[in-house]
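I have placed the structure first, in the form of structure tokens, so that the comments after it can refer back to it.
Positions are given from 1 along the sequence.
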Amino acid sequence: MNASAPLTAADFKSDLKPIWCPGCGDYSVLQALAKALAELGRPREDIALVSGIGCSSRLPAYTNVYGFHGVHGRALAVAAGLKLARPDLTVLAAGGDGDGLSIGGNHFLHACRRNVDMTYLLMDNQVYGMTKGQASPTTAPDWCESKLTPRGTGVSPVMPLHLALAAGVNFFARGFAGNPNELARLILAGIIHPGFSVIHVLSPCVTFRPEQREWKKAVHAADAEPASVPAEAFARFAADDGFTTGILFAGDRTPFMPSRGGTTSVATIAQGFAA
Ligand SMILES: Cc1ncc(C[n+]2csc(CCOP(=O)(O)OP(=O)(O)O)c2C)c(N)n1
Ligand code: SF4
């Protein structure tokens, strides 16, 4: 590679071959992310991608930026810590609806509330793919295909947009893996927008939810400019079918960044406990 040439999407992919099932939506999310990072124009060493556990959380391994494939549900906590320690970096986090809204649901709420300047790819397939197809928080109540919930979960699914708005999110976009160019645009917009940005990606699990192949017929672009205050967004999307794509909300909250009066070493903190 010519050191002075601008990086392309291919430069942001690693040499590892993804082990996702053929047809999994996550391939397109990887493609869209690589395209967005190329368009961002920052060197690879200035970008970090943190994930939890799940098929979707394998994303960092397949990119060529700094990566951290961590603990189930904890991607946002790690990413926030990284951003606060290294505000010069572009920090992203990624994971599934199980990772981010079940075990990591608490972190999702507080990430929206805290508004650290980072971008979260919430890759939603309405199922736990990696553990072989259990219901997740976004699964419809009458989905009966899992042996664990043969009569469905019977409970209302979490709606990520509404949850994020209620918790104070500063930017929310929804994209579809089947439209990677548009998804790349949304990811880039989220990275550029100050504060915490959620990119809710409808990413089909073709193995455990084969009917999601039909999502391509259900998605439709938002027909208005993004809402800028939460009440407006709630009113506009109260009856949303979950398939409206585009930038749905863009607020202007100031990102969280505590004033840093110098760093405190771990040794200094340990001394405090010993005293
Ligand atoms: C603490 C802990 N609990 C449970 C698991 C098992 N586990 C691994 S991935 C996963 C859910 C994956 O679903 P999701 O986040 O929606 O990602 P997908 O695989 O669908 O992309 C679970 C429950 C784990 N690895 N660690
Ligand atoms: S199980 Fe589903 S989410 Fe996991 S790689 Fe296969 S298609 Fe993708």
Side-chain angles (χ1 to χ4, degrees), residues 33 36-37 40-53 57 59-60 63 65-95 99-122 160-173 186-200 226-231 233 247 249-275:
L33 175 61
L37 294 178
L40 180 67
R42 294 199 76 183
R44 289 176 293 201
E45 61 270 25
D46 288 354
I47 302 168
L49 173 60
V50 179
S51 71
I53 299 293
S57 288
L59 199 64
T63 66
V65 298
Y66 279 111
F68 186 89
H69 186 187
V71 185
H72 197 26
R74 302 294 178 257
L76 288 171
V78 173
L82 176 60
K83 181 67 186 181
L84 295 182
R86 286 287 308 273
D88 55 308
L89 298 180
T90 293
V91 176
L92 299 106
D99 189 81
L101 300 174
S102 242
I103 191 168
N106 180 27
H107 293 293
F108 181 74
L109 292 181
H110 292 285
C112 293
R113 183 179 152 252
R114 190 164 288 121
N115 199 31
V116 172
D117 186 17
M118 58 186 188
T119 303
Y120 181 40
L121 307 185
L122 176 58
L161 170 61
H162 300 58
L163 189 66
L165 284 170
V169 75
N170 204 38
F171 181 98
F172 191 103
L186 299 174
I187 295 171
L188 183 61
I191 293 172
I192 292 169
H193 195 85
F196 184 57
S197 299
V198 175
I199 315 297
H200 180 205
S228 57
V229 292
I247 301 173
F249 178 77
D252 62 359
R253 290 177 58 209
T254 304
F256 178 85
M257 180 53 71
S259 57
R260 288 164 22 113
T263 52
T264 306
S265 71
V266 174
T268 307
I269 295 170
Q271 275 169 12
F273 282 107

At their closest point, which heavy atom of [X] faces which heavy atom of [Y], and how far apart are they?
X: S57; Y: S51; value: O-OG, 2.6 Å
X: G190; Y: I199; value: CA-CD1, 4.1 Å
X: L89; Y: K83; value: O-NZ, 2.7 Å
X: H69; Y: G52; value: CD2-O, 2.9 Å
X: I247; Y: A189; value: CD1-CB, 3.9 Å
X: N170; Y: G195; value: ND2-CA, 4.3 Å

Run the side chain to side chain contact (heavy atoms under 4.5 Å, CB included) check on L92 and L33 step by step: do they pass? CA-CA 10 Å; L92 299 106; L33 175 61; 4.0 Å; yes

Under 3.5 Å, is there a donor-acceptor pair between the side chain of [X] and the main chain of [Y]?
X: D99; Y: H72; result: no
X: R253; Y: R113; result: yes
X: R74; Y: I103; result: yes
X: N115; Y: T254; result: yes
X: S197; Y: T119; result: no

Compare all side-chain heavy atoms of I53 with those of V71 and state whether any distance is below 4.5 angstrom.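 No; the side chains remain at least 4.5 Å from each other.
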
I need the [X] [atom1] to [Y] [atom2] distance, nearest 0.5 Å.
X: D46; Y: R86; atom1: CG; atom2: CZ; value: 7.5 Å
X: F172; Y: L163; atom1: CZ; atom2: CG; value: 9.0 Å
X: D117; Y: H193; atom1: CG; atom2: NE2; value: 9.0 Å
X: F108; Y: L122; atom1: CZ; atom2: CG; value: 6.0 Å
X: F196; Y: H110; atom1: CZ; atom2: NE2; value: 12.5 Å
X: L101; Y: N106; atom1: CG; atom2: CG; value: 12.0 Å

Steps toward side chain to side chain contact (heavy atoms under 4.5 Å, CB included) verdict (V116, L76): CA-CA 10 Å; V116 172; L76 288 171; over 6 Å; no

Is the CG atom of D252 crowded by more than 12 outside heavy atoms at less than 6.0 Å?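 At most 12 heavy atoms, drawn from other residues, nucleotides or ligands, come within 6.0 Å of this atom.
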
